[in-house]
Amino acid sequence: MINFDYIRVSTPTAAVDALAKDKAAQWIAGGTNLIDLMKKGVLNPQKLVDINNLPLKEIRKEGKVLRIGALALNSDVSEHELVLQSQPLLAQALKAGASQQIRNMATVGGNMMQRTRCPYFYNPDMPCNKREPGTGCGALKGFNRMHAIFGTSDKCIAVHPSDMCIALVALDATVLVAGPKGERRIPFQNFHRLPGELPQRDNTLERGELILGLEIPDNPFADHVHYLKVRDRSSYAFALVSVAAALALKGKTIQDVRLGMGGVAHKPWRLVEAESFLKGKQATEAVFREAANLAMRGAKGYGQNNFKLKLGPNTIVEALKKATEKA
Amino acid sequence: MDKEFFFDKQAKDPIERVGGRAKVTGAALYTADQQFQNLAYGFLVGSTVAKGRIKSIDTKAAERAPGVLAVITHQNAPKIPGYQTGRDPAKPPTAGQPLRIFYNEEIFYYDQPIALVIADTYERVLHAAKLVKAQYEKGVFQTELGSNLAKAKIPTGPRFEDYKRGEVDGYKNAPVKVEQEYYHPIEVHNPMELGNTLAHWESDQKLMVYTKTQGVEATRKSISDAFKLPPENITVHAEQIGGAFGMGLRTWPYEIAAVMGAQKVGRPLKLVLHREQMFTNVGYRPATQQKIGIGATPDGKLVGITHEAYANTSSYEEFTEATVNLTQFLYACPNVTTRYRLVPLNMCTPIWMRGPGEATGSFALESAMDELAFALNLDPIELRNRNHADVDPEKNQPWSSKYLTECFQMGAEKIGWKNRKLQPRTAQEGDWLVGYGMGTGAFGAMRWAATVKARLQPDGSLLLQCSVNDMGPGTATMMTAVATEAMGLTPAKVRIQMGSTGLPPGPTQGGSNVTATVGAAVNDVCTALKEQIATLLSKEGSRFHTANVHGVKVDDLLFAEGAVSLKQNPAIKMTYTELLQQNGLSVLEQTRESKGQQQQYSMYSFSVHFVKLRVHKPTGRIKIDHVVSCADAGTIVSPTTAASQMIGGAVGGIGMAMMEDLVIDHRFGRPINNNLADYHVPVNADIPNVDVVFVGKKDPYINQMGSKGLGEIALIGMAPAIANAVFNATGKRIRTLPITPDKLMEG
Ligand SMILES: Cc1cc2nc3c(=O)[nH]c(=O)nc-3n(C[C@H](O)[C@H](O)[C@H](O)COP(=O)(O)OP(=O)(O)OC[C@H]3O[C@@H](n4cnc5c(N)ncnc54)[C@H](O)[C@@H]3O)c2cc1C
């Protein structure tokens, strides 16, 4: 690890200023991702600006909107009464991620900003366009069992690793950010991006923009949600494929539906086509299967991850079945 | 001590795990916890290529970094006298030449140490280590077993020649036969405690070392050989070991580097490996490609088995293990052929990992037996019963004891084997397919040599001393159990000193030998103490003597509650404290060496593992519902720690079957999941209720207690039990481990 400076700030303005002034500075929240990357030599910030004292930990309801501060802990959010009541899908997704110990440290903002777990990204002496543009993609013809099947480019086939974000993309969340040019709101779907020609960019935040928090609108899904994460062991493993499913049912008729998918793309993947297909249809396995097949259009395997082409639709159907069953 | 029992987790064992409290409260001090005045810290820099030569190495930036005391490379390394006499590692491997660290510019594997940086703090040495840069002349390397089978060789030495009994490849003539290939990838031991060594030269002729080893005597010998220092000038400590699973069965180059570094800077030096280095520099279970041909008559009598195994080793040493040996004796079968081959790769040399070759071999053999049972339309247990080996068919001699049939019966009962469907894929619960499987394990019951000193002290307590260490199985607990029973003491009155040289020599902790070896030595030394007590009590004037005019024999005495009394007249009684006082003795002390004898019997421990599991059809997830592990390990001396061993072995076997896999990118010759987030071992949520059943019948020949080992059989046979249960559930035969969801999902 390279020596670095460390300061603490206590207001969002001070946090934004600190980064605006110093190009080599970086915010640190829970540190569960950043410190690993520093130890590995992937990131070498010369100054850490600790934002844990910022007053951004609140979880509260404002009218029909649930507001969650960027520094709320993953564990707190997953157990909070308001979240369990109005957005249980989010709680389920959070609980499926990492371990209790890590969730006790990890923040909502840090979770959104976590980098891919692609091994080539993590090893500075291997090729990786995301870490070092121009060096090539190690995974394309290498180990790609965990990698993307949607929205890839020949520069990068990494996946976004978060579970929380899969629920958030399904729940139409909005991200609130503040930067040197003021505040703005980003629809969650537009927060993360596809690799394209710029795989080094995970999301649409500009450098120096701070995540203040999230807004999640009320929805009619609370009764019928399910987060299904398929992984290599029962806990403490990243998703092979995961699906966040939310249904509004009237009898067997699907009034409204949201579907997010993880482990398949460089960003939390929203299954828009499948959603519009499902609306107004009956909640049966055959219909779910058709929707899943629609969702998989355009998917592409890279060898070791070809199994996701089959596991993907199966997981969609399973998540929808489980969501339907819930009373 | 001849009793059958099912280990009941609720029942209270009178003997708690010795040292358990210190471990879970953090009071136990491991090597890396040791603090010394003026301590220096070392860190190893590894090669970034998998084969080649170092062209140049630039250490200037590191040397200038704050706090750096020295940087050792092959260019300036002190000459290790023992290295000069060795073979040239560049020559093709025969039995081989251990890697000589910093010996020359040759690179044999990725992350091979090329420099040792030494600084005054750990943080500074980590930083400085990043500043060492090397240029290489890159060689062509090979790290993949499957694509290098053509380079396979028969290992040197008589133990690994091809084996044949009856007709070569005789299975081919059988009316019913199965021919299949099985593969499992490299597994890494990954104990919680990292490899670490603290070396301190107390003078230029006197060395003290703390290190992670499973045998302090063996480590002392290696260091003595390397540095040409008389063994008595070296003390090796390993009082606390945070697991090892075989990784501590040899002295690794990093340990030599620590000793070398301490000498160079003239300060005590602590060297702790990084987790990543645990994947590259301290051995692993080699990958194995196996072929089995097995044939039987239609009524299920084995005609022949041929078992071939290709395992990888390093390019500079031959590492061998007993991968095919189970096949030679496990079943009564007239025609058996085995072949074992090594494939050199550009990796560090493997090292035995729990259940070593037998665990690997049993995956192939016991999967093949299951395939044969299916082909014959027979229950797998019935197939095994029909081919039960009543005597050892390999050595042609009787077993010292064998209660495999009892294991089948007891385990089948406990798991509910009668609910198993003969036809796979016939038991369903919703989207889940349910299956049962079993696998057999066996491992040589070994008894080596140990010397134990026992001292009865004025407060009536007993001190036992032996250099054997306890890397986790509960050796100290076992020793306490034997001594309390022999001497009639409570566990609180027994104290154990172990885990460092200078104490009476004990064996290395490997091959499941320690209970049989050291337990027997404790028993023997206690017998010697009792004889001495009998002699003292035979003196003229003793009340015991007066009551027994013919002299007092051990058999006349009862040793209980910290006292000795006459069996015939229990009123004649004396506490150990009184005994010492009345004889004017400060202590009573005996030392005994005790070892196994050559026997006309084949000695093995046996196990059978049963698994009930479910497979989720759409997603391929496996949920293990129940594990029953049965062991014939002779007398169980210490039920709690023995059961823990069995549970730990079952967990290891589940990891082997479903998760463990060192992924190497063969384009770079280096591992890519070299951390504990990506290299999976089971988590608690993966582990079901594990029931442990011990047959508990004494082995009449191995030692007085009748105890055989069980550390290895706890794991051997578990992986095939899972693979067989998966087949029973799904009808899919998975012959390549690990069995991950992608191999099982359907639709
Ligand atoms: C072993 C392991 C297993 C894991 N498994 C899972 C899993 O299964 N599923 C899963 O979803 N996650 C998993 N994680 C990831 C974990 O969820 C993230 O590490 C965590 O959420 C990051 O949050 P943090 O607060 O610690 O971020 P930090 O490490 O502090 O920061 C991460 C990045 O975010 C930036 N940042 C932090 N806060 C803000 C803000 N308010 N505005 C702008 N930028 C900000 C930082 O500058 C930094 O670049 C795992 C992590 C580990 C180590």
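Residue numbering restarts at 1 for every chain, and letters A, B, ... go by the order of the sequence lines. Keep in mind that what you see is a predicted model, and the values were worked out from it rather than measured.
Counted within 6.0 Å of CD on B/Q135, heavy atoms from surrounding residues, nucleotides or ligands total 12 or fewer; the atom is thus considered open. Remark: B/K138 NZ is loosely packed, at most 12 non-hydrogen atoms of other residues, nucleotides or ligands lying under 6.0 Å away. Applying the 6.0 Å contact sphere to CD of A/E285 captures no more than 12 heavy atoms from other residues, nucleotides or ligands.
Judged purely by atom type and a 3.5 angstrom limit, A/N314 has no side-chain atom pairing as donor or acceptor with the backbone of B/G747.
There is a side-chain donor-acceptor pair under 3.5 Å between A/Y120 and B/D665.
Of the atoms belonging to B/D742, heavy atoms from both backbone and side chain fall under 4.5 Å from chain A. Residue contact with chain A, scored on non-hydrogen atoms closer than 4.5 Å, is absent for B/H666. Contact annotation for A/L240: only side-chain heavy atoms (C-beta onward) come within less than 4.5 Å of a heavy atom of chain B. Using a 4.5 Å cut-off between heavy atoms, B/N675 makes no contact with chain A at all. With a 4.5 Å cut-off on non-hydrogen atoms, B/M745 touches chain A through its backbone and its side chain both. Residue contact with chain A, scored on non-hydrogen atoms closer than 4.5 Å, involves the backbone of B/L676 exclusively. B/E276 touches chain A through its side chain: at least one heavy atom from C-beta onward sits under 4.5 Å away, while N, CA, C and O do not.
Looking only at heavy-atom pairs under 4.5 Å with chain B, the residue among A/P313, A/G138, A/G41 that has the most is A/G138. Counting heavy-atom pairs under 4.5 Å between each of A/K308, A/R231, A/K141 and chain B puts A/K141 at the top.
Minimum heavy-atom separation, A/S235 to B/A685: CB-CB, 4.5 Å.
In this structure, the side chains of B/R670 and A/D125 come closer than 4.5 Å at one or more pairs of heavy atoms. Between A/D232 and B/P741, some side-chain heavy-atom pair lies under the 4.5 Å cut-off.
Annotation: the span from B/D678 atom CG to A/F143 atom CZ amounts to 7.5 Å, rounded to 0.5 Å.
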